[in-house]
Amino acid sequence: MKKTLKGVLCAVVVICLIFALTGCAKIIYVVGGAITAIEEINDGSWKEEQQETIDANKPSEVVIEPFVAGTYGGIDFATPDDVVNYYIECYNNTKAQTASYVDKDGNTKEYYALLGDEKLIVDKILVEGTENKMLNNAVPGMVTAAFAYNSYGLPPCNNRNPLIDNTNQNETDPGEYDLRVTHFKPEYSLASNVTENADGTITIVIQPKDASMSARGGDSQGSFFSVLNDLGETVDNLFTDYDMLSWASGTTQENCVVDYRGGTGKVTIDPETKTIISADYHMSVFVEVKHANVAVIKDKSGSLFLSYDMHYPASDDYILKYNGITRK
């Protein structure tokens, strides 16, 4: 079958994304599987009437309800900053809590008490700014199958073990940020609100400001979500391993864009203990690769919108299935 230009270009974007999330161990599998599978899509299956042009560069708008001052769960909230500061306090209290788990070998491990599950969803795939339903149907399942599911503490998080939950995942050399505490702050918030529930708990919703090329711990998105970090090295390695890939012009840093916009975090808090008892984080990302050469195909671009969702607490079945541990 003929190579599908649009499929191959999107595969490049998907590969970069998957490698950033799953690590180098799966790079060969993902590259080979994605390119092979998408190249097998017959050119004749493309239908122009299924395509729609999307403005990928449009900044996000506020997607949550407005803040209303008042007393919720016995706590006075006069301003949106009060909401964020209370979230920060409860986040830090929650990540200070640990619990004992038993691994498959019977060893006891000390991890965060509140662990979550995760889900990666490809929402839309664009080629030269145009969406095609054929690719939208073909690629997401491949991405889901390649994704390595795990359990982490509240985001941003680099490990469920608090001792190495830092930017370097190293107890003796932690790097720039200690992720056992949040580095989010009121000026990073685009909008926030708070409501009281019938059982006396309160629910806080926060939408952080947009950011590009975020790294864990830094800026409005990197201090709130478990972001992808810098894709530059990932893409450079990919291009080194596969000589069919190259840049028509510019550098990796210039041609790879990762924008975070429109994501939200929703947490339910027990005011008695000032801890988070449940949470849902929805990170919304736009990834783009520009000026890419794929074999004889020159100077094209591919991009995608994706969602990375984390839910807390994860079920016992999820933790056992993907991490091989059970709560003691």
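All values below come from the heavy atoms of this structure, side chains included, with hydrogens, waters and symmetry mates left out.
- Taking all atoms of both residues into account, the shortest heavy-atom contact from Tyr318 to Ser151 is CE2-OG, 3.3 Å.
- For the pair Ser278/Pro313, a side-chain contact is recorded, criterion being any heavy-atom separation below 4.5 Å from C-beta on.
- Rounded to the nearest 0.5 angstrom, Met213 CE and Cys256 SG are separated by 7.0 Å.
- Interatomic distance, CG of Asn323 versus OH of Tyr152, reported as 8.5 Å (0.5 Å rounding).
- Side chain of Thr94 to main chain of Cys90: a donor-acceptor pair is present (N/O by atom type, distance under 3.5 Å, no hydrogens or angles).
- The CD1 atom of Ile121 sits 8.0 Å away from the NE2 atom of His282 when rounded to the nearest 0.5 Å.
- When all heavy atoms are compared, the tightest approach of Arg327 to Tyr101 is NH2-OH, 3.2 Å.
- With Asn166 contributing its side chain and Gly175 its backbone, the two residues share no donor-acceptor pair below 3.5 Å.
- Within the model, atoms CD of Glu171 and CG of Asn159 stand 11.0 Å from one another, a figure rounded to the nearest 0.5 Å.
- No chain of hydrophobic side-chain contacts below 4.5 Å, direct or via other Ile, Leu, Val, Met, Phe, Trp or Tyr residues, connects Ile277 to Ile204.
- Cluster annotation: Ile164 and Leu154 are assigned to distinct hydrophobic clusters (Ile/Leu/Val/Met/Phe/Trp/Tyr, side-chain heavy-atom contacts under 4.5 Å, transitive).
- Side chains of Gln221 and Phe184 form no contact here, defined as non-hydrogen atoms less than 4.5 Å apart.
- Atoms CG and CD1, on Asp316 and Ile319 in that order, are 6.0 Å from each other to the nearest 0.5 Å.
- Sequence neighbours left out, the pairs with a member in residues 269-281 that pass salt bridge (Lys or Arg N to Asp or Glu O under 4.0 Å) are Glu89-Lys274.
- A continuous path of Ile, Leu, Val, Met, Phe, Trp and Tyr side chains, each step under 4.5 Å between heavy atoms, connects Ile64 with Leu190, placing both in one hydrophobic cluster.
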Evaluate the side chain to side chain donor-acceptor pair (under 3.5 Å) criterion for residues Asp199 and Thr201: first the C-alpha distance (whole Å), next the side-chain angles of each, then the deciding distance (0.1 Å), finally the verdict.
-> CA-CA 6 Å; Asp199 60 0; Thr201 63; 2.6 Å; yes

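- You'll find the side chain of Asp117 stays beyond 4.5 Å of the side chain of Tyr312, heavy atoms only.
- Using modelled atom types, one side-chain atom of Asn193 and one backbone atom of Glu65 make a donor-acceptor pair closer than 3.5 Å.
- By the neighbour-count criterion of 12 heavy atoms within 6.0 Å, atom CD of Glu110 is densely surrounded, having more than that number from other residues, nucleotides or ligands.
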Would you check, one step at a time, whether the test side chain to side chain contact (heavy atoms under 4.5 Å, CB included) holds for Cys157 with Leu179?
-> CA-CA 6 Å; Cys157 194; Leu179 300 178; 5.7 Å; no

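- Contact check for Thr203 versus Asn197: side-chain heavy atoms found under the 4.5 Å cut-off.
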Dump the intermediate steps for side chain to side chain contact (heavy atoms under 4.5 Å, CB included) on Arg216 and Asn158, then the final yes or no.
-> CA-CA 8 Å; Arg216 277 190 175 95; Asn158 236 1; 3.0 Å; yes

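- Counting only residues at least two apart or in different chains, salt bridge (Lys or Arg N to Asp or Glu O under 4.0 Å) contacts with residues 176-197 comprise Asp178-Arg180.
- Counting all heavy atoms, side chain and backbone alike, Tyr281 lies closest to Val267 at OH-CG1, 3.7 Å.
- Clustering ILVMFWY residues whenever any of their side-chain heavy atoms sit less than 4.5 angstrom apart, transitively, puts Tyr177 in a cluster other than the one holding Met283.
- Donor-acceptor pairing under 3.5 Å is recorded for the side chains of Asn170 and Thr172.
- Ser214 and Asp219 share a donor-acceptor pair across their side chains, judged by distance under 3.5 Å alone.
- Two different hydrophobic clusters hold Tyr111 and Leu320 under the rule that ILVMFWY side chains link at heavy-atom gaps under 4.5 Å.
- The heavy-atom pair separating Phe305 from Arg261 by the smallest distance is CE2-NH1, 4.3 Å.
- Taking 4.5 Å as the limit, some side-chain heavy atom of Thr108 sits within range of a side-chain heavy atom of Ser100.
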May I have the step-by-step check of side chain to side chain contact (heavy atoms under 4.5 Å, CB included) for Phe67 and Val194, ending in yes or no?
-> CA-CA 7 Å; Phe67 167 78; Val194 56; 4.3 Å; yes

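- Side-chain contact check for Ile325 versus Val102: every heavy-atom pair is 4.5 Å or farther apart.
- Here the straight-line distance linking atom OG of Ser226 with atom CD of Glu118 works out to 8.5 Å at 0.5 Å rounding.
- Taking all atoms of both residues into account, the shortest heavy-atom contact from Gly153 to Leu115 is N-CD2, 4.0 Å.
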CA sep, side-chain torsions, deciding dist, call: Ile206, Tyr87, side chain to side chain contact (heavy atoms under 4.5 Å, CB included) = CA-CA 9 Å; Ile206 296 174; Tyr87 166 79; 3.7 Å; yes

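- Residues Thr195 and Ile202 fail the side-chain proximity criterion, which asks for heavy atoms closer than 4.5 Å.
- Side chain of Asp105 to main chain of Asn107: no donor-acceptor pair is present (N/O by atom type, distance under 3.5 Å, no hydrogens or angles).
- Residues passing the side-chain hydrogen bond (donor to acceptor under 3.5 Å, both in side chains) test with Tyr112 are Asp165, sequence neighbours excluded.
- In terms of heavy-atom proximity, Val227 sits nearest to Tyr260 at CB-OH, 3.5 Å.
- The side-chain heavy atoms of Ile269 and Tyr86, taken from C-beta on, include a pair separated by under 4.5 Å.
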